[in-house]
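Note sheet for the following structure.
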Amino acid sequence: MSVSIKSAREIELMRESCRLLAQVHKALGEMVRPGISTLEIDRAGEKMIRDLGCVPNFKDYNGFPASICVSVNDEVVHGIPSKHRILQEGDIVSLDAGLIYKGYHSDAARTHAVGEIAPEVQKLMDVTKQSFFEGIKFAKAGNHLYDISNAIDDYVTPFGYGIVRELVGHGIGTHLHEDPQIPNFRQKKKGILLEPGMTLAVEPMINMGRADVCWLDDDWTVVTEDGSYSAHYENTILITEGEPEILTLY
Ligand code: MG
């Protein structure tokens, strides 16, 4: 396994790629409302990314047929946008988006409420988001990679939620998915030493019920096996000697 260390110039390109993605996410989040189709969100996202002079990195990735992954309620990730899928009051929708700027990839995900949602669903979203921040408290040079994984697990597990195991975070740079893989659950090993210049996509995916997931017939959409709601929160971060830089925050 080789984990790329970005040069100062590459870090600047990663920062810009991520800054642009943060803008796209902000705009997409503002579109979320009852009555909009998941395809409308995808089309708007793709147009925004291309208007910024960038390329949507999810489009055609291993054959994925859209630019934005739009996953509703019990869909964990990789939901395929559709004009027939209309968001309803009380839904939650996870938007996972990424782009390429001058050869450098960015990746981030947010789960949004559609109108008024149940308090227990809001709590799932809050815990999922906070678990990212708990994990990256350990994302600094000299710590080990799985310090991040363990911190996410330690924070989430007491809530009784299921941490998705089949999908994990990843390194990112000139490719969307680079080494290392970053699990969101406790590891027996320590993992690699973190070094300044590593760029990582940390992305807890948390189910309100059990951790188990399965794939729909489209071979893309990942859903919770028990039908419970699932939330996703992801940012691309930069490892430094001190606190990590969260590159995809608006
Ligand atoms: Mg990712």
Side-chain angles (χ1 to χ4, degrees), residues 1 3-4 6 13-15 17-25 28-29 41-42 45-46 49 54-71 75-81 93-101 103-112 125 128-129 131-133 135-136 139 145-146 148-149 152 156 163-185 191 194 198-207 213 215 220-223 230-239 244-250:
M1 177 164 78
V3 177
S4 66
K6 276 71 178 179
L13 293 168
M14 287 297 295
R15 281 199 184 104
S17 178
C18 290
R19 191 184 69 83
L20 295 170
L21 179 60
Q23 288 181 18
V24 171
H25 257 297
L28 292 180
I41 294 171
D42 172 65
E46 175 163 357
I49 290 168
C54 301
V55 176
N57 47 9
F58 296 175
K59 184 116 190 194
D60 299 325
Y61 185 88
N62 292 335
F64 188 74
S67 296
I68 315 292
C69 296
V70 187
S71 308
E75 296 171 354
V76 179
V77 286
H78 306 163
I80 298 175
V93 61
S94 299
L95 305 181
D96 194 351
L99 59 80
I100 311 169
Y101 169 79
Y104 285 81
H105 290 250
S106 49
D107 188 4
R110 305 279 182 263
T111 300
H112 299 280
M125 290 169 55
T128 301
K129 180 175 179 179
S131 74
F132 165 86
F133 289 97
I136 68 156
L145 179 69
Y146 298 151
I148 301 172
S149 309
I152 293 171
V156 170
I163 301 174
V164 175
R165 301 171 84 90
E166 285 85 346
L167 300 140
V168 297
H170 51 93
I172 182 168
T174 52
H175 301 275
L176 173 58
H177 294 122
E178 298 185 356
D179 285 338
Q181 294 200 348
I182 311 169
N184 297 302
F185 52 95
L194 297 174
M198 290 179 176
T199 45
L200 308 174
V202 178
E203 50 175 324
M205 288 152 265
I206 310 295
N207 303 340
V213 297
W215 271 255
W220 277 110
T221 313
V222 181
V223 298
S230 187
H232 186 196
Y233 187 81
E234 174 183 31
N235 285 299
T236 299
I237 68 169
L238 168 69
I239 301 297
E245 263 184 63
I246 308 175
L247 303 179
T248 44
L249 276 188
Y250 184 78

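Both counts, for ligands and for their atoms, begin at 1 and track the order of listing. Here the structure is a predicted model, which is why all the values come from computation and not from measurement.
We find the NE2-NE2 distance between His175 and His105 to be 7.5 Å, quoted to the nearest 0.5 Å.
Checking Ser17 against Ser106 by side-chain atom types alone, a donor-acceptor pair falls below 3.5 Å. A side-chain N or O of Asn235 and one of Thr248 form a donor-acceptor pair less than 3.5 Å apart.
In summary, His177 places no N/O/S atom under 2.8 Å from the Mg ion (ligand 1), failing the contact criterion. Among the atoms of Asp96, no N, O or S atom is found under 2.8 Å from the Mg ion (ligand 1).
Here Glu203 contributes OE2 and His170 contributes NE2, and at the Mg ion (ligand 1) these two atoms make an angle of 90°, given to 10°. Our summary of the site lists the angle at the Mg ion (ligand 1) between OE2 of Glu234 and OD2 of Asp107 as 90°, to the nearest 10 degrees.
Glu245 is linked by a side chain to side chain donor-acceptor pair (under 3.5 Å) to Arg15, counting only residues two or more places apart in sequence or in another chain.
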